[in-house]
> 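Dropping the structure in here first, questions after.
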Amino acid sequence: MLQPFTLLVVSHLSALVLAQDQTFAFTDSDVAVSQSSILTHRRGNLQLAIPPGASCFNTLEGTIPTFDAEKCADARANWRDEQWHTDHPISNLWPLWTNDTCVPLGNSPSDSCTRGYYGNYVVLAKSRAHVKATIDFARTRNLRLVIRNTGHDFMGRSTGFGSLILNTHSMKEVVFHKKWTGPGNWKGGAATVGAGVQGREVLTLAHQQSPPLVIVGGECPTVGFAGGFIQGGGHGPFSSIYGMGADQVLSFDVVTSSGAYLTVNSKENPSLFWALRGGGPSTFAAILSVTVKTFPDVPSSSVILRINSTHTTDTEVFWKGFNAFHELSNRYVENGLYAYYELNHLYLNVRPIVGLNMTSDQLNQVVKPLFDKLDAQSIPYDREDNHYPTFFDLYTNLFEDNGAFIQTLVGGRMYSKTDFARNATAINAAQRFATEQGALIVGHIVGPGSGAPIVDNAIHPTWRNTSSFSITFVNLQGNATLAEKATAQNVITNVVGKALRQASPNGAAYVNEGDLEEPNWQTAYWGPNYPRLLSLKKTYDPLGVFYARTTPGTEDWEVIDVGTRLCRKL
Ligand SMILES: Cc1cc2nc3c(=O)[nH]c(=O)nc-3n(C[C@H](O)[C@H](O)[C@H](O)COP(=O)(O)OP(=O)(O)OC[C@H]3O[C@@H](n4cnc5c(N)ncnc54)[C@H](O)[C@@H]3O)c2cc1C
Ligand SMILES: *[C@@H]1O[C@H](CO)[C@@H](O)[C@H](O)[C@H]1NC(C)=O
Ligand SMILES: *[C@@H]1O[C@H](CO)[C@@H](O)[C@H](O)[C@H]1NC(C)=O
Ligand SMILES: *[C@@H]1O[C@H](CO)[C@@H](O)[C@H](O)[C@H]1NC(C)=O
Ligand SMILES: *[C@@H]1O[C@H](CO)[C@@H](O)[C@H](O)[C@H]1NC(C)=O
Ligand SMILES: *[C@@H]1O[C@H](CO)[C@@H](O)[C@H](O)[C@H]1NC(C)=O
Ligand SMILES: *[C@@H]1O[C@H](CO)[C@@H](O)[C@H](O)[C@H]1NC(C)=O
């Protein structure tokens with residue numbers, strides 16, 4: 001039997017407005033970031049959830065007037081811009097998770113704009129009291145709650161049909177501590193980062209400290225920091241020397257599913273502390289802020305390697321080139337390197353390989369066997385070397401925002417050092433096979449267990465034996481039928497995913513950049529940590545107030561009626 005959440009409808013809005021008067025204490029001068037032109041669409045920081053393209057349509061759902069020529073022009077001009085979408089109250093970067101609804105490209109205002117899988121109402125939380133009031137309201141009325149900072153989630157977990165959205169994007173405070181004196185056996189510096197802060201923002205503020213600092217953030221400048229990134233694990237350019245994002249955490253401030261404010265660290269609530277570091281986004285608590293270690297910024301070097309159809313159209317030559325690069329993954333991470341690359345048919349763009357605290361000569365020593373092999377095999381390529389006074393300079397020059405509004409399904413695999421040592425050929429053959437099925441690969445050379453101290457937290461232990469992590473993308477048309485979507489999903493899971501799994505029997509999968517249909521996802525995402533996580537989920541969120549697909553405890557839930565209603569299995 002299934003018990004659905006109550007759908008959030010207008011009668012509930014009046015209840016929330018009431019709750020707002022009593023506990024939110026919003027006033028009209030405390031108006032939300034997004035100045036909706038239709039005053040009736042909002043009450044203080046509580047708003048009707050209006051899809052980001054609605055301004056190009058006369059109405060939402062045929063009843064709510066939404067057309068606004070100026071906003072429509074703005075939406076169209078920025079539709080592929082990540083930062084624009086992350087700043088919108090409810091937008092999601094991956095349109096498949098909104099049912100591709102209300103897209104403002106080439107439409108006429110009289111076309112229909114519906115909510116699809118967007119939520120119904122959104123609270124633009126500015127304080128911890130707003131977060132608590134929203135959680136209490138959702139829990140006591142059995143509403144589906146979705147927490148959102150950036151809408152980055154590849155797996156659609158920051159949007160949800162019929163939901164009340166808790167938007168944390170305004171919680172931008174960052175405080176630096178010169179010398180940490182709290183729990184965690186750490187005497188260096190630290191930073192307390194609010195739930196709404198993005199990677200680029202925290203790195204920029206860290207750079208402005210004297211002396212300049214860095215934190216372990218992600219590759220993409222617009223990814224959030226305290227939310228999905230840390231709770232899912234979080235890998236990035238510093239991971240091969242300092243470990244995962246989750247390994248850096250000294251303390252959290254959270255609101256629990258029962259509405260309690262807790263400080264969570266190695267002294268207070270240590271079990272929850274363990275779970276929040278890698279146990280899954282939106283699963284155990286809502287994060288208000290996270291305190292992480294900071295490190296001194298360092299001079300850094302980079303190498304860019306390109307092999308594409310301008311260099312060779314010989315497929316075998318191309319793959320020899322890729323193999324030469326990838327088979328050295330263990331060597332790179334054991335020397336502290338990180339790399340980000342994109343791989344497709346006759347297209348390899350390794351941009352960049354990062355050598356932290358290295359001169360160009362030092363970095364060249366590590367990558368020399370790669371270039372020696374390319375030269376020995378007469379494989380054509382382009383190489384570009386750079387040196388920067390700080391990592392921050394390298395980052396701002398070489399890491400870019402990705403595009404928004406890409407129609408894609410996602411999967412991925414962590415390749416272990418053990419599997420590389422046993423059979424790198426098999427791993428490379430699987431990568432080639434994936435691209436032959438039409439998949440684009442976004443790869444990361446990253447080794448969070450190759451030099452960094454091992455921290456006891458919830459991330460999959462296989463991260464400690466990883467040297468390369470690939471995301472696979474299979475693209476679709478926005479108008480794809482359900483049957484076409486099912487075919488693409490089958491390719492991701494049972495064709496491409498299967499090949500990657502077979503090539504890396506000692507590998508694992510990553511909950512932030514993985515497949516919603518990953519077989520045995522509990523083990524694939526958490527390995528031996530899963531039973532403890534499931535038990536902690538039952539302790540800290542017995543009612544299932546927090547929900548994000550393929551996270552601990554969600555085997556008890558099911559989305560029915562083609563991606564719409566979320567139900568608890570009875
Ligand atoms: C282009 C791109 C590049 C990426 N690069 C990297 C990378 O280099 N390294 C890496 O590890 N990952 C990377 N990711 C994946 C990223 O870590 C996840 O998408 C992550 O979930 C984003 O977190 P967010 O909070 O910004 O996103 P959102 O979509 O806002 O939220 C993601 C999930 O976290 C939950 N959540 C958000 N805030 C909170 C909160 N305050 N409390 C509780 N739950 C919360 C949401 O409910 C949702 O389930 C990348 C993703 C993209 C799209
Ligand atoms: C999702 O899109 C399909 C195809 O356009 C449509 O039939 C269906 O009603 C949509 N679902 C929702 C909830 O909007
Ligand atoms: C292929 O490599 C060349 C030379 O480095 C580069 O100029 C070009 O942008 C690359 N092509 C693509 C599609 O990236
Ligand atoms: C950078 O390398 C130098 C030696 O080359 C070392 O003294 C210093 O501690 C390193 N810095 C960091 C932050 O690791
Ligand atoms: C990790 O990888 C190395 C190969 O580099 C291997 O020797 C080692 O046994 C692995 N450790 C675990 C715990 O699997
Ligand atoms: C490595 O994998 C390839 C491709 O799957 C296979 O043909 C080969 O026999 C394997 N080699 C070893 C030593 O296991
Ligand atoms: C979707 O659009 C593409 C390009 O506009 C078209 O070729 C295709 O037939 C359409 N598919 C469906 C199912 O309508």
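Side chains are part of it too, since the values below use all heavy atoms of this structure and drop only hydrogens, waters and symmetry mates. Numbering of ligands and ligand atoms starts at 1, following listing order.
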> With a 3.5 Å cut-off and no angle check, do the side chains of Thr291 and Thr192 form a donor-acceptor pair?
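On atom types as modelled, these side chains qualify, holding a pair under 3.5 Å.
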> Counting the benzene-type ring for Trp, do Tyr525 and His460 have ring centres under 6.0 Å apart?
no
> Tell me, please, whether Tyr341 has Arg351 positioned over its six-membered ring: NZ or CZ under 6.0 Å from the ring centre and within 45 degrees of its axis?
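Relative to the ring axis of Tyr341, which defines the angle, Arg351 lies outside at least one limit.
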> Give one line per pair: atom of ligand 6, protein atom, distance. Only N/O to N/O under 3.5 Å.
from: ligand 6; atom 1: 2 (O); to: Asn423; atom 2: OD1; distance (Å): 3.4
from: ligand 6; atom 1: 2 (O); to: Asn423; atom 2: ND2; distance (Å): 2.4
from: ligand 6; atom 1: 11 (N); to: Asn423; atom 2: ND2; distance (Å): 2.8
from: ligand 6; atom 1: 14 (O); to: Asn423; atom 2: ND2; distance (Å): 3.2

> Using a 6.0 Å cut-off, check whether atom NZ of Lys498 has over 12 heavy atoms from anything other than its own residue.
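12 or below, so no.
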> Look at the aromatic rings of Phe161 and Tyr117 and report parallel, tilted or perpendicular, splitting at 30° and 60°.
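If you compare the ring of Phe161 with that of Tyr117, the planes turn out perpendicular.
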> Run the numbers on Arg549 and Asp153 for salt bridge (Lys or Arg N to Asp or Glu O under 4.0 Å), then give the verdict.
CA-CA 11 Å; Arg549 227 179 119 186; Asp153 197 294; over 6 Å; no
> Can you name the atoms of ligand 4, numbered from 1 with element, that are less than 4.0 Å from a heavy atom of Val298?
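Answer for ligand 4: 13 (C).
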> Give the intermediate values and the outcome of salt bridge (Lys or Arg N to Asp or Glu O under 4.0 Å) for residues Glu316 and Lys320.
CA-CA 6 Å; Glu316 298 310 317; Lys320 272 189 197 167; over 6 Å; no
> Return the set of residues passing side chain to side chain contact (heavy atoms under 4.5 Å, CB included) with Leu534 (not counting sequence neighbours), or none when no residue passes.
Tyr530, Lys538, Glu555
> Salt bridge (charged side-chain N to carboxylate O under 4.0 Å, His left out) with Glu342: which residues, sequence neighbours excluded?
none
> Would you call Arg413-Asp419 a salt bridge at under 4.0 Å N-O?
no
> Distance under 4.0 Å, heavy atoms only, partner ligand 1: which residues pass?
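Contacts of ligand 1 under 4.0 Å: Glu82, Trp94, Ile147, Arg148, Asn149, Thr150, Gly151, His152, Asp153, Phe154, Arg157, Ser158, Ala195, Gly218, Glu219, Cys220, Val223, Gly224, Gly227, Gly228, Phe229, Gln231, Gly234, His235, Pro281, Ser282, Ala285, Ala286, Ile287, Asn402, Tyr510, Asn512, Glu513, Ala548.
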> Is the closest N or O pair between Asn357 and ligand 4 shorter than 3.5 Å?
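Indeed, backbone or side chain, Asn357 has an N or O that close.
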